[in-house]
There are 2 protein chains.
Amino acid sequence: MTIYDVAARAGVGIATVSRALRGSAPVSDATRAKVLAAVAELGFRPSHAGTSLAARTHAANGIVFPDLSGPYYAEVLLGYEETASRLGRSVLVLATHGRDDPESSVRDLARRVDGLVLLGRTVPDHVIEELTAFGLPVVVVARPEVGAADSIRADGLSAARALGEHLAGHGFRRIAFLGSPEESPDVAERWRGVREGLGKHGIEPTVTPCLFDEASGTRVAAALLAGPERPDALVCANDEIALGAIVAAEEVGLRVGVDVAITGWDDVMAARHARPALTTVRQPMRTLGALAAEVLDQRITGHRTTPRHESLATDLVVRDSCGTHP
Amino acid sequence: MTIYDVAARAGVGIATVSRALRGSAPVSDATRAKVLAAVAELGFRPSHAGTSLAARTHAANGIVFPDLSGPYYAEVLLGYEETASRLGRSVLVLATHGRDDPESSVRDLARRVDGLVLLGRTVPDHVIEELTAFGLPVVVVARPEVGAADSIRADGLSAARALGEHLAGHGFRRIAFLGSPEESPDVAERWRGVREGLGKHGIEPTVTPCLFDEASGTRVAAALLAGPERPDALVCANDEIALGAIVAAEEVGLRVGVDVAITGWDDVMAARHARPALTTVRQPMRTLGALAAEVLDQRITGHRTTPRHESLATDLVVRDSCGTHP
DNA sequence: TCCTCACATGAAAGCGCTTCCTACGGACCC
DNA sequence: GGGTCCGTAGGAAGCGCTTTCATGTGAGGA
């Protein structure tokens with residue numbers, strides 16, 4: 001079932017079929033009707049490979065995740081897919097997690113899409129620079145600006161400041177931050193904001209490195225809470241750490257929100273169902289994904305040629321884990 | 001940067017380059033070395049469209065979700081992507097949720113992949129039958145067998161029976177099932193199992209239709225708990241409904257696990273962080289995805305031509321929301 | 001020494017589409 | 001009524017690759 005069959009059925013040339021279908025050049029109404037009738041009768045759908053080869057376009061976007069576990073990325077993907085498909089593009093996903101050669105995987109992916117969205121620390125900067133230099137539109141999400149790539153991020157600074165001030169207002173003084181600022185710019189920003197917010201009240205928080213999962217949260221929090229200078233507030237770099245920390249606090253008999261405040265980041269579903277409910281920061285993840293698709297589309301279609309850098313606001317969500325409220 | 005450039009650089013014909021790269025025919029060691037050197041120097045990577053057109057293959061799999069929200073599907077996708085990419089295939093995702101014409105979207109997707117995985121009720125049976133009749137390998141997940149498609153599911157029957165018996169053992173007698181069995185075979189299976197488990201103890205549960213989200217869970221549970229014959233156990237078709245039901249119970253001052261038991265299904269992250277922690281059923285979602293990729297690959301490569309139908313075991317996870325345990 | 005054969009290689013024909021270039025009419029103008 | 005121009009349509013080239021078919025080369029046998 002090729003364009004030749006349709007052309008033969010409609011009694012026209014293949015060029016005309018192509019034009020009628022794509023609207024790339026004027027076709028008389030009568031001819032268009034004949035073509036469309038033939039297409040319908042034959043159930044013709046253009047071969048993607050053929051189109052792709054001839055038109056040098058893929059009608060597809062890629063999206064690269066460090067990994068897909070956790071609710072965070074799923075939401076981003078959802079927003080991305082929704083918008084991309086509305087713009088007529090398919091979505092190819094790639095998770096670099098646990099992959100032997102992420103760079104090569106990303107390069108391969110780059111050969112079959114018109115543009116690429118990269119989330120976080122998936123590949124080194126030089127790979128991104130190469131891709132953009134090659135002319136491929138790239139959008140980085142939750143990652144510092146690099147090369148000619150567009151970038152989108154959630155601005156955590158003001159929310160982190162607000163969080164710091166809020167904790168100080170509750171009277172907490174010995175604040176520990178759980179997370180590794182040097183490993184991720186996002187975490188660094190949160191750390192900085194919290195520090196600034198607390199600084200206004202003359203409080204100097206400490207920082208303890210921690211991986212992004214529950215088990216690490218439990219382990220690190222347990223060590224801190226059993227230590228000599230027990231903190232009275234644990235500010236965690238994400239919700240999973242915080243949920244793990246709540247477990248640790250409960251295990252040593254501390255009342256979360258009373259004896260020790262615990263806060264997270266991301267507002268995953270578990271955050272509002274935890275007891276006490278977790279104070280956290282909500283990120284517009286679906287919007288992040290949708291915006292990435294849009295920004296990428298502008299580049300692909302050539303509607304824009306200068307880099308665009310967007311920053312989305314985040315919201316502090318105060319619940320009970322940072323102290324009960326009147 | 002095409003195969004011609006490589007051929008010129010290596011001083012051979014393009015056919016030889018193709019053979020050397022794909023191993024489709026013998027090439028002398030010396031020639032192969034020359035070709036590989038040229039490839040490395042030029043940084044050549046074959047055009048996907050070209051390969052795809054000539055070889056009539058896409059080296060890509062599709063996966064179609066009803067929607068991507070919720071932790072459930074993200075895990076399936078993760079397992080799928082991991083295995084598919086290990087098998088050398090890219091993954092194209094499509095979420096039919098909120099789409100004006102899911103059938104057409106799926107058909108379009110089908111034109112650019114070598115095989116397709118469909119989750120749940122994304123498109124009508126006749127579409128699947130068409131696709132398989134056309135020769136496209138299709139695997140359905142969490143959906144009844146259809147046409148020549150392979151199928152993979154999680155067996156919820158025995159876990160549901162166990163759940164029913166467990167609740168009866170706790171002494172609960174007025175059991176309400178929240179979910180719509182007629183809308184989904186999965187839910188029907190859970191309903192049936194719970195009913196059978198309770199039936200052994202002479203208990204006849206009721207069923208109340210409910211959508212798959214928290215808000216619906218809260219609404220339906222609130223109505224039931226305020227009704228004339230207040231149930232003492234709510235068996236929910238998934239965790240989100242159950243988490244919503246917990247909220248409803250708390251709002252009317254009932255102690256979950258004491259005054260009313262509440263159970264879910266899926267074991268999402270929030271289930272173990274809820275207080276009381278949610279009794280639920282764990283499904284091997286990542287394995288489901290990985291198995292789908294493998295089963296699909298066997299069909300694509302032609303290693304298998306007869307349909308395969310797999311059923312994976314699920315586990316009852318007993319926590320505190322169904323009554324405290326000694 | 002000549003012939004056969006296996007093996008390695010190149011030329012060329014597609015794969016299904018887009019698009020440039022050319023050709024054909026009919027309408028319009030002088 | 002003849003020439004010009006515009007709108008429409010077809011022929012054919014080419015996108016980058018795979019693969020068939022034909023050819024050349026050296027090793028081995030007679």
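Below, read A as the first sequence line, B as the second, and so on, with proteins coming before strands; counting in each chain starts at 1.
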Salt bridge (Lys or Arg N to Asp or Glu O under 4.0 Å) with A/D266: which residues, sequence neighbours excluded?
none
Enumerate the residue pairs fulfilling side-chain hydrogen bond (donor to acceptor under 3.5 Å, both in side chains) with a member in residues 122-132 of chain B, sequence neighbours excluded, ordered by first and then second residue.
B/R107-B/E130, B/D125-B/R143
Note: A/R99-B/E81 ion pair, threshold 4.0 Å (strictly below):
yes
Would you give me the side-chain donor-acceptor pairs under 3.5 Å for residues 14-30 of chain A, sequence neighbours excluded?
from: A/S28; atom 1: OG; to: A/T31; atom 2: N; distance (Å): 3.3
from: A/S28; atom 1: OG; to: A/T31; atom 2: OG1; distance (Å): 2.7

Using the test side-chain contact (heavy atoms from CB on, under 4.5 Å), find all partners of B/A60 that sit at least two apart in sequence or belong to another chain.
A/R112, B/H58, B/S90, B/L92, B/V113
Using a cutoff of under 3.5 Å, can you pull out all pairs of nitrogen or oxygen atoms linking the protein to nucleotides 11-15 of chain C, with atom names and distances?
from: C/dC15; atom 1: O2; to: B/A54; atom 2: N; distance (Å): 3.4

Between C/dG10 atom P and B/I3 atom CD1, what is the distance in whole Å?
12 Å
For A/R45, check salt bridge (Lys or Arg N to Asp or Glu O under 4.0 Å) against everything at least two apart and list the hits.
B/D108
Please pick, from C/dG10, D/dG10, D/dG16, the nucleotide with the shortest atom-to-atom distance to any side-chain atom of B/T16.
C/dG10
Output all residues satisfying side-chain contact (heavy atoms from CB on, under 4.5 Å) with A/A38, sequence neighbours left out; order by chain, then residue number.
A/V6, A/R9, A/A10
When you measure from the side chain of B/S52 to the backbone N and O of A/A49, does any donor-acceptor pair fall under 3.5 Å?
no
Mind checking salt bridge (Lys or Arg N to Asp or Glu O under 4.0 Å) for B/R111 and listing every partner two or more places apart, or none if nothing turns up?
none
In Å, rounded to the nearest 0.5 Å, how long is the span from NZ of A/K34 to CG of A/L36?
12.0 Å
Go through residues 20-44 of chain B and report each residue with a non-hydrogen atom lying under 4.0 Å from DNA chain D, sorted by number.
B/R22, B/F44
Rounded (10°) bend between the five-pair end axes of the helix from C/dT1-D/dA30 to C/dC30-D/dG1
50°
Is the shortest side-chain N to carboxylate O distance from A/R86 to A/E294 below 4.0 Å?
yes
Under 4.0 Å, heavy atoms only, any strand: does A/S18 hit a base, just the sugar-phosphate, or nothing?
base
Hey, what do you get for OG (B/S151) to CG (B/L118), rounding to the nearest 0.5 Å?
12.0 Å
Looking at residues at least two apart in the chain, or sitting in another chain, which of them share a salt bridge (Lys or Arg N to Asp or Glu O under 4.0 Å) with B/E310?
B/R308
Would you tabulate the nitrogen or oxygen pairs shorter than 3.5 Å linking the protein to nucleotides 23-27 of chain D?
none

